[in-house]
Amino acid sequence: MKKNVLTTAEIRLYNKSQIYKAIYHNGQISKQEISHLLHLSLPTVSQNLTELQEEKLVEIGGISPSTGGRKPQLYRCIADAQIAFGVSILKNTVQIVSVDLNGTILFREQHNISFENVPSYFQQICEAIEKFIVSCNYDRSRILGIGIAMQGLVSRSGDRMIFGKILHNSDVVLEHFTRYLDYPCILLHDAEAAADYELWKQSGIKDAAFILLNRNLGGSLILNGSIHTGPILTSGIFEHMCLVPHGKLCYCGQHGCVESYCSADSLASEAGMPLDAFFQAVRSGQKREAEIWDTYLHHLALAINNILMVVNCDIILGGLLSSFIQPEDIETLRKYVLEKSAFEFFNSYLMSKSTTNDYAEATGAALHYIRQFLDQV
Ligand SMILES: [Zn+2]
């Protein structure tokens, strides 16, 4: 059997990668601490640090406050050594962000451009993206790529849409963008991108159903700290679970989907008024609106109970509606879930609101390239 032996060059690259990651994950760290942590000699660490500094990936950040003797210098990663861009395409808006290696949003902007599946639309938004990139003033060599989150389901390879009945974008392919944008680009499912940003912010999440309560509902299933994907579809397409057999017609063509009862659009339509006004009425105790909200919470609780019966996980509520949800609504939801559950002891899961509502889809899309860089560095 052939022995798998690393060459000297491979070991050097591996050491450099480990040193970079040690600095990245520690924030600031001294040469001595790296040497101790990775069991590498000081000259090896020094040589790699010099190379990482020459590549402008790492810099000296300060002096260690440790006492006694000569105080060692601390090294840190240059957060914007590489950056990625994220775009979120919705029915009436396009959001663009630039994100650094720490996952921090550097710049962001929103354009009110209505989606149209025509060449002039793609040209228009690509021009806006290019203009945004130029205005950020980063050398091309520092740009990792552009993640493009779209409403609808995307092929595993991220090169085409496979289901897009909201925007009627099922035939959109990556080339619609790359003919204008000369950077690495990938298409991403919007709910998955938003869940990815949540995961970035809350790295302690293990198993969770991320329910995106946007105008149209979306979702993503997180298992073992990463988004669970299938060979064709992503997981967590909660919006098309049947909640009410023979119920309201959904845009997917079926009846009674979660989308038709729990999306922000379905609530606004039931209320017959904008969400701001609706929640004002609910909070001031208006009977009609309070009843509509209560019915909504019952439907959402049923959907959550169904999810919990399949996967024993936490529940994270994100998207537009989550910004209106109060702590008492979470308590009511938990109570309704328990009422619908077969198991009265089944109440130990966590239910929380998302921490990442603003520009979540676009930021998550940019993080695709940030994670890729950090995996491969
Ligand atoms: Zn449906």
Side-chain angles (χ1 to χ4, degrees), residues 88-93 114-115 117 149-156 160-172 187-195 208-222 227-272 275 278 292-293 295-311 313 315-322 324-325 333 336-337 340 354 360-361 364:
S88 165
I89 294 174
L90 293 163
K91 211 175 203 164
N92 296 311
T93 53
S114 294
F115 180 83
N117 197 347
M150 279 197 106
Q151 265 189 318
L153 302 181
V154 179
S155 68
R156 249 317 111 232
R160 65 196 165 87
M161 302 300 296
I162 55 171
F163 179 90
K165 287 197 176 177
I166 299 170
L167 296 182
H168 304 290
N169 56 344
S170 301
D171 61 344
V172 167
L187 288 171
L188 297 155
H189 176 210
D190 60 342
E192 217 172 309
F210 181 77
I211 307 174
L212 198 57
L213 302 170
N214 274 334
R215 294 208 166 281
N216 296 107
L217 200 136
S220 190
L221 186 62
I222 297 167
I227 290 168
H228 185 261
T229 55
I232 300 173
L233 292 180
T234 179
S235 294
I237 311 170
F238 310 123
E239 60 268 39
H240 300 299
M241 293 193 309
C242 184
L243 204 59
V244 181
H246 314 294
K248 290 185 203 169
L249 179 66
C250 175
Y251 65 78
C252 74
Q254 300 294 339
H255 287 264
C257 290
V258 171
E259 160 72 24
S260 304
Y261 295 87
C262 300
S263 64
D265 268 2
S266 73
L267 181 62
S269 148
E270 195 65 31
L275 290 171
F278 171 73
I292 291 172
W293 182 230
T295 304
Y296 174 90
L297 291 176
H298 269 290
H299 281 128
L300 187 56
L302 185 55
I304 290 171
N305 182 52
N306 288 344
I307 294 168
L308 290 174
M309 289 302 100
V310 181
V311 186
C313 62
I315 302 291
I316 303 170
L317 303 173
L320 175 64
L321 274 184
S322 75
F324 293 103
I325 290 179
L333 257 180
Y336 289 171
V337 172
K340 294 169 204 315
S354 155
E361 293 86 350

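Because only heavy atoms are used, hydrogens play no part in the values below, and waters and symmetry mates are left out as well, while side chains stay in. When a ligand or atom number is given, it counts from 1 through the structure's own listing order.
- Between the side chain of Asn214 and the backbone N or O of Leu320 there is at least one donor-acceptor pair closer than 3.5 Å.
- Between Glu270 and Lys248, at least one side-chain nitrogen of the basic residue sits less than 4.0 Å from a carboxylate oxygen of the acidic one, meeting the salt-bridge criterion.
- Note on the Zn ion (ligand 1): protein N, O or S atoms under 2.8 Å away count 4, no waters included.
- Residues passing the salt bridge (Lys or Arg N to Asp or Glu O under 4.0 Å) test with Lys91: none are found, sequence neighbours excluded.
- Between Phe278 and Trp293, the ring planes lie perpendicular to each other; the angle is over 60°, past the 30° to 60° tilted range.
- In this view, Val258 and Leu217, Met241, Leu243, Cys262, Ala303 satisfy the side chain to side chain contact (heavy atoms under 4.5 Å, CB included) rule, not counting sequence neighbours.
- Taking Cys252 as the reference, Phe163, His240, Cys250, Gln254, Cys257 meet the side chain to side chain contact (heavy atoms under 4.5 Å, CB included) condition, with sequence neighbours excluded.
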